[in-house]
Amino acid sequence: MLKISIRNGKTRAPRVDAHVVFAAGAGRKEALVSLPADLRARVAAAAPAELASDGAVFTLPLGEGKGAARLYILGAGKATEITPRKARGLLRSAAKTLNRSGESSAILDFSFALKRMDAAEIREFLLRSLFLADYGFPRYKSADQEKKPLKAIAIEPRGAFAGVASREVEKARVVARVARLVRDLGNTPSNDMLPSDFADRVMKEAKARGVKVTVLDKKAIRKERMGGLLAVNRGSVEEPRVVVLEYRGGKKGDAPVALVGKGVTFDSGGISIKPADKMGDMKWDMMGAATVMGVVLAAADLHLEVNLVAIAALTENLPSGSAYKPGDIVRFRNGKTAEIDNTDAEGRVILADALDYAAEWKPAVILDFATLTGAALVALGLEAAIVFTDHDALAKELVNAGERTDERLWRLPMWEEYRENIRSDWADMKNTGGRWGGSINGAMFLKEFVDPKTPWAHLDIAGTANYDRDYAGYPVGATSFGLGLTLRWLQERQVGTRGSRRGR
Ligand code: BES
Ligand code: MN
Ligand code: ZN
């Protein structure tokens, strides 16, 4: 990971290779004005007409003197208040440009305000984005490794970074390190990320932080009567796992926040098999599980004053002679039954047991994260995940946390009218609800497994968990979507309950 420090103007900082700035504005004049004042004159003499044009890179030798040897000006387009995603993209292209040019150290200036965020949120967002700017997943590339000479960045404490504190840099480093882990878990192909691999890796990370970890193997899962998880697992030769992380940073008697994640390490669809095209994307069908594990690990690193329990339900979904089949009726941990109409709607079948299991911790609130439905992509595309909850206040808090971390949520309803869609002639419900409102039907199914008195939100992250190309400043593959917004929500919740002891 990059070394990031805050540049100290007082001491004679050692000379670095590069100085990166961003130019914005309509036309050359505005572009020049957008640069740090001390650089303007030098650039004016040499700069091209379209200094600020989107994606343009202009370099200038700075010669002798302190500071950097070479100046890099990256075009950022016309606007000076930009979207967070654009900022993430700019930082990523800065890291790419510096690496390609063989620079190993750089000073970074950033002067734009970001939409929907205040100054502290902008600093947090930029710092995390910077720590993630060079993320890649080269583990399986033997030759042709991308060289990454860039090691250290010194932030100029002005512009968007005015007033930045080293404590903020440290916090961002901790979160970005966990985000990298979450992405690695997802990007690792399913042959090396079996349910047992996931459990082993998470156990190691939890132990290193003193976080309590419990792993249920198949025998223990049987004992818990998790009929849904066992049904989905029947097609696989690999054992299922349930990983439970418990972190107690809050008051002793305070009910924990429970986080539940879908961990299908590969989803072929099972007997209701998916088409071959893009089936490989289903190695990311465990991002919900990776996200909730990541939240607890990061909360521990940040010493958040909250009590947390996170439950990851892990299995493969494969067809075989022993696989569960359409028409089968499954009995869940809570005694309810469901007719399996489509074995590809497996996420809700495993989450049913995990949500019910979470109630054992008597949580104050439950959030679940799942790449649950392709319909989430149809509804919101790649820009937002869906949040479902019957608690207006919780919806507001989560949407707001998402706006401030650029992990955006949009709410859809769970009106009782939709319950009819999952009515079964043979069991308490069926696991599909027809084509219309596909994501809602999934949420309605999960709702059957949560005590209505416990505030609960379901986040369908199918559209945002991973991208099939570099997109919105994210690299191809896992995004770690949900980690930032959940940490933000937890921190705000902490502040809220500190004020009034009523809690939620
Ligand atoms: N994991 C998929 C959902 C998914 C699809 C995530 C595309 C990311 C990208 C889930 O298990 C699934 O297959 N859902 C079905 C449900 C249907 C059979 C009711 C779907 O969305 O088609
Ligand atoms: Mn599926
Ligand atoms: Zn799935």
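Whatever order the structure lists them in is the order used to number ligands and atoms, beginning at 1. The figures here come from the full heavy-atom set of this structure, side chains too, leaving out hydrogens, waters and symmetry mates.
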Would you mind running through ligand 1 and noting each atom that sits below 4.0 Å from a heavy atom of [X]?
X	answer
Thr371	1 (N), 2 (C), 3 (C), 6 (C)
Asn342	18 (C)
Glu346	11 (O)

To the nearest 0.5 Å, what is the distance between [atom1] ([X]) and [atom2] ([Y])?
X	Y	atom1	atom2	result
Leu127	Ile122	CG	CD1	11.5 Å
Glu238	Leu314	CD	CG	12.0 Å
Glu448	Lys336	CD	NZ	4.0 Å
Trp426	Asp328	CH2	CG	14.5 Å
Phe112	Ile82	CZ	CD1	5.5 Å

Just need the protein heavy atom nearest to [atom], so name the residue and atom and give the distance.
atom	answer
atom 17 (C) of ligand 1	Ala345 CB, 4.3 Å
atom 4 (C) of ligand 1	Gly374 N, 3.8 Å
atom 16 (C) of ligand 1	Arg348 NH2, 3.8 Å
atom 15 (C) of ligand 1	Asp344 O, 4.0 Å
atom 2 (C) of ligand 1	Asp267 OD2, 3.6 Å
atom 8 (C) of ligand 1	Met282 CE, 3.6 Å

* **Pairs satisfying ring pair (Phe, Tyr, Trp, His ring centres under 6.0 Å), at least one member in residues 359-381, at least two apart** =>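 Non-adjacent pairs meeting ring pair (Phe, Tyr, Trp, His ring centres under 6.0 Å): Tyr357-Trp361.
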* To do: Decide, yes or no, whether a salt bridge links Glu121 with Arg488 under the criterion of side-chain N to carboxylate O below 4.0 Å.
  =>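 Between Arg488 and Glu121 there is a salt bridge, with a charged N closer than 4.0 Å to a carboxylate O.
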* To do: Taking only Lys NZ, Arg NE, NH1 and NH2, and the carboxylate oxygens of Asp or Glu, determine whether Lys262 and Asp460 approach each other closer than 4.0 Å.
  =>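 No, Lys262 and Asp460 are not salt-bridged.
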Name each donor-acceptor pair under 3.5 Å that joins a side chain in residues 210-218 to protein atoms two or more places apart or in another chain, with its distance.
| unit_1 | atom_1 | unit_2 | atom_2 | d |
| --- | --- | --- | --- | --- |
| Asp217 | OD1 | Lys219 | N | 3.3 |
| Asp217 | OD1 | Ala220 | N | 3.0 |

[X] to [Y] six-membered ring, cation-pi geometry met (6.0 Å, 45°):
X	Y	answer
Arg241	Phe198	no
Arg177	Phe131	no
Arg85	Tyr471	yes

* **Metal environment of the Mn ion (ligand 2), protein N/O/S under 2.8 Å** =>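 Near the Mn ion (ligand 2), the protein supplies Asp267 OD2, Asp344 O, Asp344 OD1, Glu346 OE1.
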* Asked: Does any N or O in the side chain of Asn187 come within less than 3.5 Å of the main-chain N or O of Ala478, such that one atom is a donor and the other an acceptor?
  ->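 Here the side-chain-to-backbone pair exists.
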* Using heavy-atom distances, let me know which of Ile350, Leu372, Asn431 sits nearest atom 14 (N) of ligand 1. =>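 Heavy atom nearest to atom 14 (N) of ligand 1 belongs to Leu372.
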Pairs of nitrogen or oxygen atoms closer than 3.5 Å, one from [X] and one from ligand 1: do any exist?
X	answer
Thr373	no
Thr432	no
Lys262	yes

* To do: Measure distances from the Zn ion (ligand 3) and count the protein N, O or S atoms below 2.8 Å.
  =>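 Atoms of protein N, O or S type lying less than 2.8 Å from the Zn ion (ligand 3) total 4.
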* Hey, which of Val365, Thr405, Val399 is the one that makes side-chain contact (heavy atoms from CB on, under 4.5 Å) with Trp489? ->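 With Trp489 as partner, Val365, Thr405, Val399 yield a single side-chain contact (heavy atoms from CB on, under 4.5 Å), made by Val365.
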* Applying a 4.0 Å heavy-atom criterion (strictly less than), which segment of Leu377 is in contact with ligand 1: side chain, backbone, both, or neither? ->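 Answer for Leu377: side chain.
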* Asked: How about atom 22 (O) of ligand 1: does it have a protein heavy atom within less than 4.0 Å?
  ->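 So far as the 4.0 Å threshold goes, atom 22 (O) of ligand 1 is out of reach of every protein heavy atom.
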* Glu416 atom CD, neighbour heavy-atom count above 12 within 6.0 Å ->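 Not more than 12 within 6.0 Å, no.
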* **Near-ring test Phe445/Phe449, centroid separation under 6.0 angstrom** =>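 Yes; Phe445 has its ring centre under 6.0 Å from that of Phe449.
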* Determine, stepwise, if the pair Trp436 / Asn441 fulfils side-chain hydrogen bond (donor to acceptor under 3.5 Å, both in side chains). => CA-CA 8 Å; Trp436 312 134; Asn441 298 335; over 6 Å; no
